Structure formats: structure tokens, C-alpha cells
Student: 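First, the structure itself, so that you have it in front of you.
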Amino acid sequence: TVGAVSVEGTLFGMAASLVMALCAFAIDAIPLDFIPAVTLGGWAGFYIESTIGAYWTEKGIDVSNEWMNMMNTFAGGTTALTIAAVTHVL
């Protein structure tokens, strides 16, 4: 279901974001200090995609997967960079 947001999905999404951040750390793609920012950025990306997808679907706006992928990547990346900058990790 497009835009479905549930407690279980949110928790599993957060866990998946953490796993991806840990994998990035394990291959030296990010330093240890970036794990919280990357985790929250990943969560923000999928949550925003679900929320906006639900809103647009309800309004009858047809949005392609490519557009949604671009939007959640931008939202997640921007969130991660903002958190890293505000917490002075950068």
C-alpha cells in the first residue's frame, strides 16, 4: 500500500537505517561519529516518502517511482548533512 505508515514499519525502517549506517562504517565509508546522522537521515527519507506518497495518492496525484526515489534520497541526505552540521560532526 502506497504511503502506509505503521509502528512496525517505522521500527523496522529505523533498524534497517541503522544496519545500513553500520555497514557504511564497516567499509570505512563513514566515520563512527556519522552513524546517528546517517541512521536518522535514512529514517527521514523513508518516512517522508511514505507520508508524502500517502498524501499525493489521496489527492489523486500520480507520482512515478523515480520521482519518489529522488525525493526520499534528497530528504534523507539533507537530513543527515543537517544533523552532522548542527552536531558539529562535519
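Here, residue 1 is the first one in the sequence, and each next residue gets the next number. Since this is a predicted model, take the numbers as computed values, not measurements.
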Student: Could you tabulate the donor-acceptor pairs under 3.5 Å formed by side-chain atoms of residues 25-35, not counting sequence neighbours?
Tutor:
none

Student: Measuring from Met71:CE to Ile48:CD1, what's the distance to the nearest 0.5 Å?
Tutor: 8.0 Å
Student: Once you round to the nearest 0.5 Å, how far does CG of Leu40 lie from CE of Met14?
Tutor: 5.0 Å
Student: Can you tell me how far apart CE (Met70) and CG (Asn65) are? Round to the nearest 0.5 Å.
Tutor: 13.0 Å
Student: Does Trp67 share a hydrophobic cluster with Ile52, counting links as ILVMFWY side-chain heavy atoms below 4.5 Å and allowing steps through other members?
Tutor: yes
Student: Please answer: with hydrophobic residues joined when any side-chain heavy atoms are less than 4.5 Å apart, are Trp43 and Val19 in the same cluster?
Tutor: no
Student: Which pair of heavy atoms, one from Glu49 and one from Met68, lies closest together, and at what distance?
Tutor: O-CE, 3.2 Å
Student: Which atoms form the tightest heavy-atom contact between Thr73 and Asn69, and what is the distance?
Tutor: OG1-O, 2.8 Å
Student: Nearest 0.5 Å, what's the OG1-CZ distance between Thr10 and Phe46?
Tutor: 5.5 Å
Student: State, to 0.1 Å, how close Ala21 and Thr39 come at their nearest heavy-atom pair, and which atoms those are.
Tutor: CB-OG1, 3.5 Å
Student: How long is the straight-line distance from OG of Ser17 back to OH of Tyr47, given to the nearest 0.5 Å?
Tutor: 13.5 Å
